[in-house]
Engineer: 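Dropping the structure in here first, questions after.
Because only heavy atoms are used, hydrogens play no part in the values below, and waters and symmetry mates are left out as well, while side chains stay in. Below, read A as the first sequence line, B as the second, and so on, with proteins coming before strands; counting in each chain starts at 1.
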Amino acid sequence: DSGVTQTPKHLITATGQRVTLRCSPRSGDLSVYWYQQSLDQGLQFLIQYYNGEERAKGNILERFSAQQFPDLHSELNLSSLELGDSALYFCASSPPGTPYNEQFFGPGTRLTVL
Amino acid sequence: AQSVTQLDSQVPVFEEAPVELRCNYSSSVSVYLFWYVQYPNQGLQLLLKYLSGSTLVKGINGFEAEFNKSQTSFHLRKPSVHISDTAEYFCAVSGGSGTYKYIFGTGTRLKVLA
């Protein structure tokens with residue numbers, strides 16, 4: 001158990017809908033990262049937050065957005081869902097003050113868009 | 001820009017045989033290198049990391065990796081594999097650009113045969 005929690009574990013929805021994925025980082029970790037894992041794209045970095053502020057953006061679609069709240073949990077919002085958005089979404093967290101940035105991954109949320 | 005190449009998408013090996021999973025990286029700055037393992041239907045677990053210092057890094061479950069700067073490689077090895085090592089293995093690079101996000105390779109599926 002990495003200490004990072006993600007809810008829900010599974011999510012099944014229809015095209016055009018909107019969903020929210022939630023992540024709670026390890027206690028004391030200030031950084032949260034979101035990744036998407038799909039069969040055709042592999043593991044792709046989406047976005048990073050550090051202590052409530054957006055720090056870096058990767059291959060995140062405009063239909064997707066995220067935020068990190070004062071209690072440091074983070075939410076990833078996916079809207080106007082398409083079949084191709086079906087994937088495993090991982091959240092990871094890392095502690096402050098470590099330049100090498102070891103990341104601890106949650107168990108993931110499996111999103112299925114029908 | 002940084003990139004990671006895992007040359008082998010699948011590696012079958014018999015139980016108790018040695019294995020090497022290859023990883024090559026590209027970066028114009030100093031990097032930190034990681035190997036993660038993903039068991040079926042689970043999140044990613046850190047196997048080992050190279051930050052600096054000794055180029056031979058030992059990790060969990062009997063795995064080790066060697067950082068070779070001249071060949072820009074970070075190959076993962078295990079002298080004797082077990083059935084339980086069957087999993088997907090990801091090499092990742094981090095460093096520079098101030099964000100320390102991970103760039104993952106496409107993964108290598110290790111299948112240990114009885």
Engineer: Using a heavy-atom distance cut-off of less than 4.5 Å, which residues of residues 105-113 of chain A contact chain B?
Structural biologist: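 Result: A:Phe105, A:Gly106, A:Pro107, A:Arg110.
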
Engineer: Return the CG to OG1 distance between A:Asp40 and B:Thr106, rounded to the nearest 0.5 Å.
Structural biologist: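 OG1 of B:Thr106 is found 12.5 Å from CG of A:Asp40.
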
Engineer: Hey, could you give me each pair passing salt bridge (charged side-chain N to carboxylate O under 4.0 Å, His left out) that has a residue in residues 104-114 of chain B? Not counting sequence neighbours.
Structural biologist: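 Listed by first then second residue: B:Glu88-B:Arg109.
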
Engineer: Are more than 12 heavy atoms from other residues, nucleotides or ligands located less than 6.0 Å from atom CG of A:Leu114?
Structural biologist: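 More than 12 heavy atoms, drawn from other residues, nucleotides or ligands, come within 6.0 Å of this atom.
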
Engineer: Which bit of B:Leu44 comes within less than 4.5 Å of chain A, counting heavy atoms only: side chain, backbone, both or neither?
Structural biologist: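 It is both, since atoms from each part get that close.
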
Engineer: Does A:Gln44 offer a backbone N or O that forms a donor-acceptor pair with the side chain of B:Tyr102 under 3.5 Å?
Structural biologist: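 No: the side chain of B:Tyr102 does not pair with the backbone of A:Gln44.
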
Engineer: Taking side chain as C-beta onward, heavy atoms only, is A:Phe45 less than 4.5 Å from B:Ile103?
Structural biologist: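 Of all side-chain heavy-atom pairs linking B:Ile103 with A:Phe45, none is under 4.5 Å.
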
Engineer: Look at the side-chain heavy atoms of Ile, Leu, Val, Met, Phe, Trp and Tyr, link any pair under 4.5 Å apart, and say whether B:Val112 and B:Val37 land in one connected group.
Structural biologist: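 As far as the 4.5 Å side-chain criterion goes, B:Val37 and B:Val112 are connected within one cluster.
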
Engineer: Between B:Leu21 and B:Leu113, is there a shared hydrophobic cluster once you connect ILVMFWY residues whose side-chain heavy atoms come closer than 4.5 Å?
Structural biologist: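 B:Leu21 does not cluster with B:Leu113.
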
Engineer: Near B:Glu15 CD, under 6.0 Å, is it more than 12 heavy atoms from other residues, nucleotides or ligands?
Structural biologist: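 Correct, the count exceeds 12.
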
Engineer: Hey, could you give me the OG/CD distance between B:Ser94 and A:Gln103, rounded to the nearest 0.5 Å?
Structural biologist: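 Spacing of OG (B:Ser94) from CD (A:Gln103) equals 6.5 Å.
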
Engineer: Where on A:Gln37 is there a heavy atom nearer than 4.5 Å to chain B: the side chain, the backbone, both, or neither?
Structural biologist: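 For A:Gln37, side-chain heavy atoms alone lie under 4.5 Å from chain B.
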
Engineer: Given the rule that I, L, V, M, F, W and Y join up when any side-chain heavy atoms are under 4.5 Å apart, are B:Val4 and B:Phe67 in one cluster?
Structural biologist: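 Yes, B:Val4 and B:Phe67 fall within the same hydrophobic cluster.
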
Engineer: Side chain from CB out, backbone as N, CA, C, O: work out which of these in B:Gln38 comes under 4.5 Å of a heavy atom of chain A, or both, or neither.
Structural biologist: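 Side chain of B:Gln38 only, per the 4.5 Å heavy-atom cut-off to chain A.
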
Engineer: Looking at the rings of B:Phe104 and A:Tyr35, which for Trp means the six-membered one, are their centres under 6.0 Å apart?
Structural biologist: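 Close enough - the centres of the two rings lie under 6.0 Å apart.
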
Engineer: What residues of residues 66-91 of chain A sit under 4.5 Å from chain B when only non-hydrogen atoms are counted?
Structural biologist: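 Heavy-atom contacts from residues 66-91 of chain A to chain B are A:Leu88, A:Phe90.
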
Engineer: Would B:Val13 end up clustered with B:Tyr39 when hydrophobic side chains under 4.5 Å apart are linked, directly or stepwise?
Structural biologist: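 Yes, same cluster.
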
Engineer: In terms of hydrophobic clusters joined by side-chain contacts under 4.5 Å, are A:Leu30 and A:Ile47 together?
Structural biologist: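 No; A:Ile47 is not reachable from A:Leu30 via cluster members.
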
Engineer: If you look only at pairs with a residue in residues 2-12 of chain B, which of them pass as a salt bridge (charged side-chain N to carboxylate O under 4.0 Å, His left out), with sequence neighbours excluded?
Structural biologist: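 Listed once each, the pairs are B:Asp8-B:Arg22.
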
